[in-house]
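Beneath this line is the structure, given in structure tokens, with notes to follow.
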Amino acid sequence: MATQSLRASAPKAVDGASVIEIERISKRFQSAEGAEVTALDKVSLSISAGRFTTLLGPSGCGKTTLLRAIAGFEDPDAGRILLGGVDITRMPPFERPVNTVFQHYALFPHLSVEQNVAYGLEVTGVARATIRPRVAAALELVRLGGLGNRRIAQLSGGQQQRVALARSLVLQPEVLLLDEPMAALDRNLRKEMQVELKRLQNEVKIAFLCVTHDQEEALSMSDTVVVMNRGRVEQIGSPRDIYERPRSRFVAGFVGDAALIDCTVAGVDTSGVLLALADGATMRAGKVGLVAGTRATAVLRPERLTILPEASQARHVLSGLVRNAIYLGDKFRLDVEVAGCGVAVLCSGSIEVPASGSTVRLAYDPADVQVVTE
């Protein structure tokens, strides 16, 4: 019942409609050496209500700076940020209807779990009679009901993260900002919390905007992934779009494991393109619309390749040299050199592993080959 009361009083944004509009935001810093560093370069982005959006990219790509600008902790040099149509670019952090869960949670160790969650409500002057039921609702939502009297030091890392989430959600923000929320957790707990965060977002139906450099984290939790690089947005799409239809060499190489093979478009027909590789071999891809002579990159995912036994025949085959084999329990990962490029192949742990230096044939489906030109 308490959980229902929290959801009922949450903001009623239309699911999928834009809740935050970022318009050509730029931000520059001075490095320790005195050089000017562009953290954000005219970034434009729309964040949807009721969806889980993740800013994904390597360290220094600008994702945390963008999150801090939305939260009000960084003032952009140019551009503006709209929340629900209202310009909040210069609004103080405490006036914005957003809350942030920080990487290290910033909990008060001298307060109980319940007191930590209630703190924001008390500071903002919420009536005492409503604080206790709202705190109880938030703790039930993050599955910490009954632990309100515990001290922070008595909680595990995952439980502390849940307290930080409850403390933010109890304030009923229109957007919840998450800055590398699972960086302090071990691998197994991180996987568990990925599921929990997505469940929680589905429960409360507000926009979550998460920053991470962990591609698995982004793909498993998100409705929308925003890939950033060097202060700019490289690609926006669903996790499946980002993984299976990368639009640039950077996205293809950063998201998931992929072989990036340099090639040139040798011919184009109605079924796709013929690609010429550096060693003189050719391969087919299903993408159309490219012009012969275009320099490009063929993208191959490890799980889409099959090692052919010597006697087997296939229409589309690449040959390469085995450089390394890594045992992963239920499978092997083979590192194969094809046309001077490294290609990873995942194969059953029950097969006889080809020796390093031996030649293998790799079968592929042209429909699985993505071609990027950027």
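Please read all numbers here as calculations on a predicted model, not as lab measurements.
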*Option passing side-chain contact (heavy atoms from CB on, under 4.5 Å) with Leu209 (candidates Ile70, Thr54, Leu45)*: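 Of the listed options, the one satisfying the test is Ile70.
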Calculate, to the nearest 0.5 Å, the distance between atoms [atom1] and [atom2] belonging to [X] and [Y] respectively.
X	Y	atom1	atom2	result
Thr53	Gln201	OG1	CD	8.5 Å
Leu171	Leu169	CG	CG	9.0 Å
Met228	Phe250	CE	CZ	10.0 Å
Arg143	Leu165	CZ	CG	12.5 Å
Phe73	Thr100	CZ	OG1	4.5 Å
Ile25	Leu40	CD1	CG	7.5 Å

Surrounding [atom1] of [X] (heavy atoms of other residues, nucleotides or ligands, distance under 6.0 Å), is the total greater than 12?
X	atom1	value
Arg361	CZ	yes
Arg199	CZ	yes
Asn149	CG	no
Arg90	CZ	yes

Of all heavy-atom pairs between [X] and [Y], which one has the smallest distance, and what is that distance?
X	Y	value
Asp75	Thr89	OD1-O, 4.4 Å
Cys341	Ile261	SG-CA, 3.8 Å
Leu305	Ala344	CD1-O, 3.8 Å
Pro97	Leu83	CG-CD2, 3.8 Å
Ala285	Val371	CB-CG2, 3.6 Å
Val211	Pro181	O-CD, 3.9 Å

_Starting from Met193, can I reach Leu56 by hopping between I/L/V/M/F/W/Y residues whose side chains sit under 4.5 Å apart?_
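As far as the 4.5 Å side-chain criterion goes, Met193 and Leu56 are not connected within one cluster.
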*Are Val142 and Ile131 co-members of a hydrophobic cluster defined by side-chain heavy atoms under 4.5 Å apart?*
yes
Salt-bridged, [X] to [Y], with N to O below 4.0 Å?
X	Y	value
Arg315	Asp365	no
Arg304	Glu244	yes
Glu174	Arg96	no

*Can you list the other members of the hydrophobic cluster that holds Val299, where links are side-chain heavy atoms under 4.5 angstrom apart?*
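Members other than Val299 - counting any ILVMFWY side chain reachable under 4.5 Å - are Leu260, Val372.
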*asked:* Taking transitive links into account, so neighbours of neighbours count too, which hydrophobic residues share a cluster with Leu308 at under 4.5 Å side-chain distance?
replied: Val317
Mind checking what makes side-chain contact (heavy atoms from CB on, under 4.5 Å) contact with [X], not counting sequence neighbours?
X	answer
Leu82	Glu21, Glu23, Arg80, Asp87
Gln160	Tyr105, Leu107, Ile152, Leu155
Ala266	Leu274, Ala276

Any donor-acceptor pair under 3.5 Å linking the side chain of [X] with the backbone of [Y]?
X	Y	answer
Asn202	Lys205	no
Ser222	Val225	no
Gln115	Ser112	yes
Thr38	Asp41	no
Gln154	Arg151	yes
Ser358	Pro354	no
Ser48	Arg51	no
Gln215	Phe254	yes

Would a 4.5 Å heavy-atom cut-off, applied to side chains only, mark [X] and [Y] as touching?
X	Y	answer
Val135	Leu121	yes
Arg284	Val273	no
Ser26	Arg28	yes
Met221	Met182	yes
Val360	Val336	yes
Leu318	Leu300	yes
Val255	Val227	yes
Thr297	Thr373	no

*Listed by chain and number, what are the side chain to side chain donor-acceptor pair (under 3.5 Å) partners of Arg162, not counting sequence neighbours?*
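Partners of Arg162 under the side chain to side chain donor-acceptor pair (under 3.5 Å) test: Glu196.
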*Listed once per pair and sorted, the ring pair (Phe, Tyr, Trp, His ring centres under 6.0 Å) pairs that draw on residues 162-216, sequence neighbours left out*: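 Listed once each, the pairs are Phe52-Phe208.
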*Tell me the ring pair (Phe, Tyr, Trp, His ring centres under 6.0 Å) pairs involving residues 354-374, sequence neighbours left out?*
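As it turns out, the ring pair (Phe, Tyr, Trp, His ring centres under 6.0 Å) pairs with a partner in residues 354-374, which skip direct neighbours, are His316-Tyr364.
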Cut-off 3.5 Å, no hydrogens considered: what does the side-chain donor-acceptor table look like for residues 59-68, sequence neighbours left out?
{"from": "Lys63", "atom 1": "NZ", "to": "Gly57", "atom 2": "O", "distance (Å)": "2.9"}
{"from": "Lys63", "atom 1": "NZ", "to": "Pro58", "atom 2": "O", "distance (Å)": "3.1"}
{"from": "Arg68", "atom 1": "NE", "to": "Glu74", "atom 2": "OE2", "distance (Å)": "3.3"}

*With Asp241, which residues qualify under salt bridge (Lys or Arg N to Asp or Glu O under 4.0 Å), at least two apart?*
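In terms of salt bridge (Lys or Arg N to Asp or Glu O under 4.0 Å), with neighbours along the sequence ignored, Asp241 is linked to Arg245.
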_Listed once per pair and sorted, the side chain to side chain donor-acceptor pair (under 3.5 Å) pairs that draw on residues 334-346, sequence neighbours left out_ = Arg323-Glu337, Arg333-Asp335
*Mind checking ring pair (Phe, Tyr, Trp, His ring centres under 6.0 Å) for Tyr243 and listing every partner two or more places apart, or none if nothing turns up?*
none
*asked:* Run Lys42 and Arg232 through side chain to side chain contact (heavy atoms under 4.5 Å, CB included) and show every step you take.
replied: CA-CA 7 Å; Lys42 299 176 183 177; Arg232 295 185 177 184; over 6 Å; no
_What verdict does the side chain to side chain contact (heavy atoms under 4.5 Å, CB included) test give for Leu334 and Cys347, after you've listed the backbone C-alpha separation in whole Å, the side-chain angles of each residue and the deciding distance to 0.1 Å?_
CA-CA 8 Å; Leu334 293 185; Cys347 49; 4.1 Å; yes
*Passes side chain to side chain contact (heavy atoms under 4.5 Å, CB included), Val343 versus Leu362? Steps please.*
CA-CA 10 Å; Val343 175; Leu362 308 176; 4.2 Å; yes
*Is it the case that Ser46 and Ser18 place a side-chain donor and acceptor less than 3.5 Å from each other?*
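Yes, a side-chain donor-acceptor pair sits under 3.5 Å.
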